[in-house]
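For reference, the structure is listed below as structure tokens.
Numbers restart at 1 for each chain; the letters A, B, ... are given by sequence-line order, proteins then strands.
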There are 2 protein chains.
Amino acid sequence: MATIRDVAKLANVSTATVSRVINSNGYVNDETKKRVKDAIQQLNYLPNDVARSLFKGRSKMIALFVPDITNPFFPELARAVEDVTNQYDYTFVLCNTDNDIEKQMDYLNALQQKSVDGFIIVSSTIKKEHLQHIQVPIVALDRIISSDISSVTVNNRSGSRQVVQYLKSIGCQRIAHVAGPEHVDNAIYRMRGYLDEVKEEAWFNSSYVVSGKYNFDAAREAAMALLSELPEVDGIFAGNDLMGAGVLNAAASLGKNVPGDLAVAGFDGIAIGETLTPTLTTMAQPIYEIGAKAAEILMTHIQSLEHHVTAKEYSVKLIERQSTMKGGF
Amino acid sequence: MATIRDVAKLANVSTATVSRVINSNGYVNDETKKRVKDAIQQLNYLPNDVARSLFKGRSKMIALFVPDITNPFFPELARAVEDVTNQYDYTFVLCNTDNDIEKQMDYLNALQQKSVDGFIIVSSTIKKEHLQHIQVPIVALDRIISSDISSVTVNNRSGSRQVVQYLKSIGCQRIAHVAGPEHVDNAIYRMRGYLDEVKEEAWFNSSYVVSGKYNFDAAREAAMALLSELPEVDGIFAGNDLMGAGVLNAAASLGKNVPGDLAVAGFDGIAIGETLTPTLTTMAQPIYEIGAKAAEILMTHIQSLEHHVTAKEYSVKLIERQSTMKGGF
DNA sequence: GTGAAAGCGCTAACAC
DNA sequence: GTGTTAGCGCTTTCAC
């Protein structure tokens, strides 16, 4: 690989001049500029980013922490972040954390040693204290970390209320909830939204809420038990789509017709909802948008070196599909 | 951030000694080693990886190119690669290429400027010529680039033959194929495997093969047309699971019972196959394993600086599910 | 308008 | 065993 010195030599100038040319910085005579550009071309010269990073103390890299990229909610988020990252000529580092605090701390350190310029973090275990030693901007995504860290989220609670209202509106009389993990804030908001709408109902009691841990299998099991125990349930709001799929599968196994006997709605709006049979009604997040927004905010923080906290909350939107279309399916 | 000089000063030694301690390199008196370690602790010192990279010309980063992480085949692959990467104390860079050759070239250049130590590439557009200027090891994954580049793949052709044989064995008389894109080598192998098994059949003609482009919607449309035109089809081998899901959906729309009227099998073994109704029979790749293997091979190449080409082919395995279980479902 | 030189933080000869 | 020193390739004052 050619270096700046090779270029300088070939163009008969100093390295400073070459640097000025490649960075369009300071005055350079048009004549010499051309000589330098020719030399660059001829040598196929590309500046060494590592040397630049060392000098500048910044690397033009940002990192995204997700619990697990194989969870179908995250790829779209990652895609959005990568697209924006790339658009700003930054490099995108992906870290699967499994929500393990130690793993996250290791990543934070390792990446700081690499002068990573910022972090976008989806985590339900990282707290403000864990980030005290981080010198670069951070944006929390999907889940809030603390009020002094910028965040991008959705209206989980009111969105969930809307789902339940919708289920009522199509005629459901007994609506159960398959909830996400208790230690994940958005799962709690979704459950609260559900409770807001049902806690005053005469029929309601706590056995209408079961735990599905945000995954397919657990939700399937939970729904099997729930539907056996409370056969009068005619509507289920699953805290995410993956659990919604589990509920559909459980219903099929029990010979329950969806949506005839049972209406099912999920939350998130991930792509697989459309591939299921019946297709799954869901309260959709603008997943790509929130990912892209988080990246944009991070870029703003990085470039201004200013830390004005912004907390953006997007609205979710109901997408009606076969799993609740009592008339049409 | 403290530097090696701060540590040296505090411990009353030279930077060379500190370097020896942090790299467990060369002889250092136990006494002074302790002093250095204390100083490191006290200052919370972490070596600057950028400076190291500049000196060494290597960055301890590797990059994975995938067409699009939102395609459900890739997250598991990415997860595997990241796990291995992390285990070797490397940093993982993810690039969505959309199979766009220009984007891929840009990434290659940008990452070379960052001294990335190696690439794992899933691409149907990159050819050997595009990689001529790359100085670091490359491993091709899922799709072969050229015979002198290490690769990890599966037996697409014989695996596909097995799927068709299996469909015959459960009684299918007219088996159609929804094929992937013509410019993707593994899609071609899968189609050939299918043809190997049916081209001598009296009933066979080319209208039994339709194109589904490896995606849900195209496959759904193709299957709708196919099933309308050739109602005698009682078995479909879809070139991947995403298209298998499309076929299932099409069948449901047409009121065809799966597996009663029509058996459906896919290829890949991605997780959503289990969430469908009926669940989808598939010829499963060991996705995580092949991703991990590719990463291991890359690490070997990186560490030995030797370029012994290895081409590993894994075997796929049939997973029988409801979409073909004529008896049980 | 251009060049000389210092320095980003580290490692590895090479001395002693 | 430990220190001195010369870079890795770049950017940026500060001269001229």
Q.
Show every side-chain hydrogen bond (donor to acceptor under 3.5 Å, both in side chains) that has at least one partner inside residues 74-83 of chain A, sequence neighbours left out.
A. A:Arg79-A:Asp83, A:Arg79-B:Asp68, A:Arg79-B:Asp98, A:Glu82-B:Asn96, A:Glu82-B:Tyr107, A:Asp83-A:Tyr288
Q) If you look only at pairs with a residue in residues 35-46 of chain B, which of them pass as a side-chain hydrogen bond (donor to acceptor under 3.5 Å, both in side chains), with sequence neighbours excluded? A) B:Lys34-B:Asp38
Could you list the residues that satisfy side chain to side chain donor-acceptor pair (under 3.5 Å) with [X], not counting sequence neighbours?
| X | value |
| --- | --- |
| A:His133 | A:Asn109 |
| A:Ser53 | none |
| B:Asp49 | A:Lys114 |
| A:Tyr314 | none |

Q.
For the helix from C:dG1-D:dC16 to C:dC16-D:dG1, what angle separates the axis at the start from the axis at the finish, each from five pairs, in steps of 10°?
A. 40°
**Q.** Range on DNA chain C touched by chain A, heavy atoms, distance below 4.0 Å
**A.** C:dG1 to C:dG9
(Q) Applying salt bridge (charged side-chain N to carboxylate O under 4.0 Å, His left out) as the test, list every pair that has at least one member in residues 127-151 of chain B; sequence neighbours left out. (A) B:Lys128-B:Asp148
Q | Qualifying salt bridge (charged side-chain N to carboxylate O under 4.0 Å, His left out) pairs with a residue from residues 3-23 of chain B, counting only residues at least two apart or across chains | A | none
Q) Between B:Ile149, B:Leu131, B:Leu108, which is the residue that forms a side-chain contact (heavy atoms from CB on, under 4.5 Å) with B:Phe119? A) B:Leu108
Q: Can you sort out which residues in residues 29-42 of chain B have a heavy atom within less than 4.0 Å of DNA chain D? Ascending by number, please.
A: B:Asn29, B:Thr32
(Q) Checking side-chain polar atoms at under 3.5 Å, does A:Ser123 have a donor or acceptor matched by the opposite partner on A:Thr125? (A) yes
(Q) Can you build the contact string for nucleotides 9-16 of chain D? Use B for base contact, S for sugar-phosphate-only contact, and - for no protein heavy atom under 4.0 Å. (A) BSBBB---
